[in-house]
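Step one of this worksheet: look at the structure below.
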Amino acid sequence: MTAAGLLAGVFAIVYSYRKQKIEEANSYRADADSLGARYQEAAEQLGNESASVRLAGIYALSRLADEDSAQRETISKLLCGYLRIPYDPSDPKSGEREVRHTAIKVIADHLQDPDAHNSWCGYDLDFSGAVFDGGAFTGSHFVNSRIDFSGCRFMGGTTLFHQTTFQEVEVDFGDGESAPAVFGDGHVQFIGATFAAGAHVTLIFCRFMPGSSLDFGNAAFLAGSLLSFSACDLDGGFIGFGGPVWLGARFQGGNVHFAGARLNSGIVSFMGAEFQGSHVDLNDITLAGASVLFDDASFESGSVTFKNARFNRGEVSFGADSSPETLLKPWPLPLPRRMRVARKLYGRLPAPIGSRVARVVRGS
């Protein structure tokens, strides 16, 4: 081959390479433009008056997030933002409840497997100020992130966190500086949830109204986790770590704080719970009409403390076969009236046969 022929071949190769790169760049630009247009269209659908159009927008955003990793976190923030839009569950717009629950489902679907290629695990999620009247986060993994429920209101329906995992995550229902959540007549369930190392869930200053319930039945609180109800107000609601429906929670090294809580009415239930190395802090609480139930709980290791607690009115109940004196401090509890057998517990729940109830009557 002559030198001229060799040079011509080189130029042909260079030309073909440049042409290929230009075509690839144009194709990438077209794809990017297409993805951007799809995002814009789906986002606009969320503002449509029609509930069916808003639903279509949510599903379109879900598909787009699966296809385009660059927009994945932005889409998660957009759906959280939609849930923060003012909403009245007592008088919802037609179809709006379904739209909101679908948005929750799409978020939860992307939190099922931290190793999935389209996972949203690790993204910060901001639900602050949102109103929940149900929805399912079942099976989600909240890991390596911050989840903001501060100022939320749970009004009607049941919001599910069944079988969820919390690890290396800050979950804020009220951290002492942010606005506390209010639990109205809705139900929130963490049945079978796992609170692993680094999980810090705060419900500081939260208020639990009549008809509300927060259930942690069969949940596991592992070493390095913290659940804080410090300075909360229980005004007729139910906070349950077991009983009467669910199995008791397992306290296996994680800590639970009620320090400074005002238990005015309602029930805090540890029925059937297993204490295996955790610290449950009931220091400085004011018991002013509520019931704290430890019936059928097992006390193996750890501590449950009532230091400086004020027992004004209400009751603390222990099963006949339990040995709370092994973990409770101080023991016996400094009640103004001695413990006695009672046929009925405060509120709706019948006392198990042979239970021991510490009942406090104002002025006694």
Side-chain angles (χ1 to χ4, degrees), residues 46 51 54 58 76-108 111 124-138 140 142 145-162 164 166 169-191 193 200-216 227-240 258 261-268 290:
L46 287 184
R54 296 198 298 276
I58 289 173
S76 74
K77 294 181 183 299
L78 180 63
L79 292 181
C80 289
Y82 183 84
L83 292 170
R84 295 197 303 271
I85 293 174
Y87 170 64
D88 182 1
S90 66
D91 185 25
K93 295 180 180 179
S94 177
E96 178 60 11
R97 188 171 189 267
E98 180 184 359
V99 174
R100 295 176 67 85
H101 289 198
T102 299
I104 293 170
K105 183 179 184 301
V106 166
I107 294 170
L111 297 173
D124 293 343
L125 301 175
D126 183 4
F127 301 102
S128 59
V131 175
F132 288 89
D133 62 347
F137 291 95
T138 299
S140 296
F142 297 99
S145 58
R146 185 176 192 277
I147 314 298
D148 191 349
F149 287 101
S150 64
C152 287
R153 291 182 296 145
F154 295 88
M155 313 296 291
T158 303
T159 304
L160 303 177
F161 292 87
H162 290 193
T164 49
F166 299 87
V169 61
E170 299 284 340
V171 184
D172 173 16
F173 289 90
D175 64 4
E177 296 182 357
S178 61
V182 175
F183 296 82
D185 58 350
H187 309 286
V188 184
Q189 296 180 349
F190 291 84
I191 307 304
H200 292 168
V201 183
T202 55
L203 298 101
I204 299 171
F205 294 125
C206 287
R207 189 173 184 188
F208 299 88
M209 307 293 288
S212 67
S213 68
L214 185 60
D215 284 296
F216 295 90
L227 177 64
S228 177
F229 291 88
S230 294
C232 75
D233 284 289
L234 181 64
D235 292 306
F238 176 88
I239 301 174
F258 279 86
R262 292 171 291 275
L263 309 182
N264 302 313
S265 61
I267 295 172
V268 179

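Starting from 1, each residue takes its place in the sequence as its number. Side chains are part of it too, since the values below use all heavy atoms of this structure and drop only hydrogens, waters and symmetry mates.
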Please find the pair of heavy atoms, one from [X] and one from [Y], that lie closest to each other, and give the distance.
X: V169; Y: F142; answer: CG1-O, 3.4 Å
X: A51; Y: S94; answer: CB-O, 3.5 Å
X: S230; Y: S228; answer: OG-OG, 3.1 Å
X: A193; Y: F161; answer: CB-O, 4.2 Å
X: L83; Y: A103; answer: CD2-CB, 4.2 Å

Subject >> Sole candidate of D126, D172, D124 that passes salt bridge (charged side-chain N to carboxylate O under 4.0 Å, His left out) when paired with R146 >> reply: D172
**OP:** Please say whether more than 12 non-hydrogen atoms of neighbouring residues, nucleotides or ligands are located less than 6.0 Å from CZ in R84.
**Re:**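 Check passes, neighbour count above 12.
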Roughly how far apart are [X] [atom1] and [Y] [atom2], rounded to 0.5 Å?
X: C206; Y: F149; atom1: SG; atom2: CZ; answer: 11.5 Å
X: F258; Y: F229; atom1: CZ; atom2: CZ; answer: 4.5 Å
X: T158; Y: D133; atom1: OG1; atom2: CG; answer: 10.0 Å
X: D215; Y: I191; atom1: CG; atom2: CD1; answer: 5.0 Å
X: E98; Y: R54; atom1: CD; atom2: CZ; answer: 10.5 Å
X: F208; Y: I267; atom1: CZ; atom2: CD1; answer: 14.0 Å

Non-hydrogen side-chain atoms of [X] and [Y] separated by less than 4.5 Å:
X: L160; Y: Q189; answer: yes
X: C152; Y: F132; answer: yes
X: S150; Y: D175; answer: no
X: S145; Y: L125; answer: no
X: D185; Y: M209; answer: no
X: Y87; Y: R97; answer: yes
X: F166; Y: I147; answer: no

Original post:
Of F173, F137, Y82, which is the lone residue that meets ring pair (Phe, Tyr, Trp, His ring centres under 6.0 Å) with F127?
Top reply: F137
**OP:** Using a strict cut-off of less than 4.0 Å between a Lys/Arg side-chain nitrogen and an Asp/Glu carboxylate oxygen, indicate whether D233 and R262 qualify as a salt bridge.
**Re:** yes
Subject >> M155 and D88: CA distance, side-chain angles, deciding distance, side chain to side chain contact (heavy atoms under 4.5 Å, CB included) verdict >> reply: CA-CA 9 Å; M155 313 296 291; D88 182 1; over 6 Å; no
Original post:
So, does R100 use its side chain to make a donor-acceptor pair with the main chain of G135 at under 3.5 Å?
Top reply: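 Absent.
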Subject >> Passing option when F183 is tested against I239, L234, L203 for side chain to side chain contact (heavy atoms under 4.5 Å, CB included) >> reply: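 Of the listed residues I239, L234, L203, the side chain to side chain contact (heavy atoms under 4.5 Å, CB included) partner of F183 is L203.
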**OP:** Output, in order, the C-alpha distance, side-chain angles, deciding distance and verdict of side chain to side chain contact (heavy atoms under 4.5 Å, CB included) for D235 and R207.
**Re:** CA-CA 7 Å; D235 292 306; R207 189 173 184 188; 3.1 Å; yes
